[in-house]
Number of protein chains: 4
Amino acid sequence: MSAREKILKAADELFGEVGFDAATTREIARRSGVNKALIHYHFETKEALLSHVLDRYYGRLSETLNESIGAGDTVRERIVRMVDGYMDFLDANRNFSRIVQREASGGGNLERIRRHMKPLFEIGKRLLVETYPATRSGELAAEQLLITFYGMIVGYFSYDAVLEYLLQTDPLSPKNLAARKRHIVRVIDLVITAVELEAKQAGKAVKKKPKGRKNAAKR
Amino acid sequence: MSAREKILKAADELFGEVGFDAATTREIARRSGVNKALIHYHFETKEALLSHVLDRYYGRLSETLNESIGAGDTVRERIVRMVDGYMDFLDANRNFSRIVQREASGGGNLERIRRHMKPLFEIGKRLLVETYPATRSGELAAEQLLITFYGMIVGYFSYDAVLEYLLQTDPLSPKNLAARKRHIVRVIDLVITAVELEAKQAGKAVKKKPKGRKNAAKR
Amino acid sequence: MSAREKILKAADELFGEVGFDAATTREIARRSGVNKALIHYHFETKEALLSHVLDRYYGRLSETLNESIGAGDTVRERIVRMVDGYMDFLDANRNFSRIVQREASGGGNLERIRRHMKPLFEIGKRLLVETYPATRSGELAAEQLLITFYGMIVGYFSYDAVLEYLLQTDPLSPKNLAARKRHIVRVIDLVITAVELEAKQAGKAVKKKPKGRKNAAKR
Amino acid sequence: MSAREKILKAADELFGEVGFDAATTREIARRSGVNKALIHYHFETKEALLSHVLDRYYGRLSETLNESIGAGDTVRERIVRMVDGYMDFLDANRNFSRIVQREASGGGNLERIRRHMKPLFEIGKRLLVETYPATRSGELAAEQLLITFYGMIVGYFSYDAVLEYLLQTDPLSPKNLAARKRHIVRVIDLVITAVELEAKQAGKAVKKKPKGRKNAAKR
DNA sequence: GATGAATGAGCGTTCATTCAT
DNA sequence: AATGAATGAACGCTCATTCAT
């Protein structure tokens, strides 16, 4: 492995463990076994190093998700594949969600995260809206669904340290990860069923108002 | 306002804005208009200051949620009230979710967050399990549901800066917050409907509804 | 002596010895016997420390020169007193001319030096112009004279290290300083005589052209 | 232009602009368009690079001054030619006086400057002493005169940035340079007249003019 | 002759914290 | 309760220089 790659690897790990601010170039140098100055030779600043790490992650995530969305017969299956692919990616790159988790709250890399997320968000949105008319607006609007899906998936990884304590088991063990996947797919199925039902009712709507729905919305 | 309170307020804001590590005692002193050394007089260390901020938040959140869960006729209504109360709390204390977001990934305050979350998690879990037998395990197990609910709610606040860009509108505006609430409640309704349906199907299998459970949940 | 003053003294010396860029805060701390961080507590940056040193010097020089120019019966005497006062000042503050020497060539403190020199320059100029009409323009214009006087005086101090080698004696010994003073006063006398002569000839000029002068100008 | 020459040129410029200490090999490499390591291939150290620049300057200055001093009928004319040549040289090599200005105050190149200046100083001294007996000692001693001439000439160039502000015009414009030259020559004329007058008065005292001296000065 | 990679030393600066008052 | 002064440790970063190719 080249020194450059060793630096990237060490930085990725340290950023994930303690966060960007608490990570020091000295420790990155120590872990990667290179001279401290070499970090600044390969990456202008510590910020640039983080940017590099993030760009690499998002590049690979993008590939993964685009592959997932490409395959699959039905839309539901494609969505499930995306969930699957996303979770496998976060499983294989555990620092990623932690880094994003911290940087998304503000700071110099917020803009970078925004720009990386935008196309992924748009793809998901278009897929939902074009398939399920009921997600164009309302309680199950595509935007809301995507935020919910994202929260279900990413939250599980970025809160793993807390969950370990709450659940008294390793949330990232293969068994538990599989359970989480089944849960998420189940919730997504519930939602898809609901939006499909709405579509049907909207089709009949010339005859009948979707009365039951309205009551539910009232709480 | 006492110097002590001014320090807490400034620290809370700064921790929310830039995170614990990037926050400096100098800036906290500047914002609260007190001498830097006074911070250490009132709060032993910077860590202790964060602990104080967190404890205060969790104390108030606990109260809020306990009040929410207390009122309400049906369990569904009590859940909805909790969602409502939680979101209102995060809305009124916007630094809170950001601080937790960052600290939950690790660091010295992870333990603190774990301990604060545990009772809230247990209360929610008992409520679900005692009311809906189907949440005892399986795809819609109480733990999974709580993580999902938490992700739906908290993620929305802690990713507000990113969402602002993705949605091209302020996600924390009253209008958008109300829409988010409706979405979350709707998803919860879908889930409750599902677990109730499962219970009925299970009931048919053993011929009887688990009525006693419902009484137990009321406590 | 307060820590602040000890720092200023050490900084002054070191800046004079090796120049601003080669001077390190570590060495300043070492020489003044204070903690390195204390330098930044009392003086924001290393630059600010230099500015402080310079301001103090120019403040004292200003006083000195204003006192010198105030006393004295004739203008010639007042000029001589200024030369005297200036040289005594540079003798007593040997780092001063070296620091100015280096900073005047450019860098962040050029502006500061410019602003300090301006009023001194204007005072000298006014004194000359109002006393000797011949210095209003021409070969012995006040500006040229002041630059020459400045070069005669300050150059002697800032090149002392070189002069020591060229003259094979300490140029700043009391004896040599006195000799330099006599030389400078003598040259100034020659110049004053010349401008007084020009004034007289200009008075007669209605009758006769200053022919000899013109030849001299031709070289 | 060879890489070596490009490096020398860039170093010369940078040393003149920011001084030796603030100049970095990185910037020299950038400006000359060569690899940083190549600088150390051609010039052992950064110090050696400065030495090269200085040696080149002094070599050319020596030539210039020797040419100037060679031509001319009278000694006065030869002196004037030297002033002319010196100022033209400083005008054509503006970094030179700035570099010398900074290095003459101390540091590793002081010795080099001393050695370069020594012969020039001795030549000037001999010329004066052999021509004008009055410069052998006293208020108008040759050493004093040379320091004064040097200060008048070099100070004008090395303080150009300050003078620009004091005079509110570019001191190095052809017009202003010409004016400075006329001033300097005029002052030198005053001095020569004075030393000649002293010689005459001394001659009267011993009845005879020191004629043989003049021949000796021609060499 | 030329270069990308690498390094030890050291830079100015900032940190949370302590202390004397 | 409050503060100005002080400190040891560590920060990100840059330096001139070296080395292998």
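So you know, we letter chains A, B, ... as the sequences are listed, proteins then strands, and number each from 1. Heavy-atom basis, side chains included; hydrogens, waters and symmetry copies ignored.
- Of the two residues contacting DNA chain F, namely B:G33 and A:H40, the nearest-nucleotide position lying further toward the 5' end is that of B:G33.
- For C:A37, the listed nucleotide lying nearest its side chain is F:dG8; candidates were E:dC19, F:dT17, F:dG8.
- If you take CG of D:D21 and C1' of F:dA16, they are 12 Å apart, rounded to a whole angstrom.
- Ranked by how close their nearest DNA chain F nucleotide is to the 5' end, C:H42 and A:R26 are led by C:H42.
- Positionally, the nearest nucleotide of DNA chain E for D:V34 lies more toward the 5' end than for the other of D:V34 and A:N35.
- When rounded to the nearest whole Å, the span between CD1 of D:I28 and C1' of F:dA16 equals 11 Å.
- A sub-4.0 Å separation between OP1 or OP2 of E:dA6 and a side-chain N or O of A:Y41 is absent.
- When both pairing distances are held under 3.5 Å, F:dG12 makes a Watson-Crick or G-U pair with E:dC11.
- On a pure distance criterion of 3.5 Å, no polar donor-acceptor pair joins the side chain of C:K36 and the base of F:dT7.
- When the C1' atom of E:dA6 is taken as reference, atom CZ of A:R4 falls 15 Å away, rounded to whole Å.
- Remark: the D:K46 side chain and the F:dT17 base include no donor-acceptor N/O pair separated by less than 3.5 Å.
- To the nearest angstrom, C1' of E:dA5 lies 14 Å from CD1 of A:I39.
- F:dC13 atom C1' lies 18 Å from atom CD of A:E27, rounded to whole Å.
- Side-chain nitrogen and oxygen atoms of B:T45 include none within less than 4.0 Å of the OP1 or OP2 phosphate oxygen of E:dA16.
- The distance between atom CZ of C:F20 and atom P of E:dG12, rounded to the nearest whole Å, is 8 Å.
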task = Take B:R98 and B:D160 through the salt bridge (Lys or Arg N to Asp or Glu O under 4.0 Å) test and state the conclusion after the steps.
result = CA-CA 10 Å; B:R98 291 192 197 171; B:D160 69 331; 2.9 Å; yes
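- Protein atom CG of A:L50 is 15 Å distant from nucleotide atom C1' of F:dG12, rounded to whole Å.
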Side chain to side chain contact (heavy atoms under 4.5 Å, CB included) evaluation trace for D:R56 with D:F96 = CA-CA 10 Å; D:R56 227 172 37 152; D:F96 179 47; over 6 Å; no
inquiry  = What verdict does the salt bridge (Lys or Arg N to Asp or Glu O under 4.0 Å) test give for B:E63 and B:R60, after you've listed the backbone C-alpha separation in whole Å, the side-chain angles of each residue and the deciding distance to 0.1 Å?
reply    = CA-CA 5 Å; B:E63 276 181 39; B:R60 286 196 260 135; over 6 Å; no
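- Between C:S32 and C:K9 there is no side-chain heavy-atom pair separated by less than 4.5 Å.
- Atom CZ in C:R30 sits roughly 14 Å away from atom P in E:dG10 (whole-Å rounding).
- Residue contacts for B:A23: at a heavy-atom cut-off of 4.0 Å it reaches the sugar-phosphate backbone alone, with no base atom in range.
- Counting non-hydrogen atoms under 4.0 angstrom, C:T24 reaches the backbone sugars and phosphates but no base.
- In this structure, F:dA2 and E:dT21 make a Watson-Crick or G-U wobble pair, each of the two defining distances being under 3.5 angstrom.
- Between D:V100 and D:Y58, some side-chain heavy-atom pair lies under the 4.5 Å cut-off.
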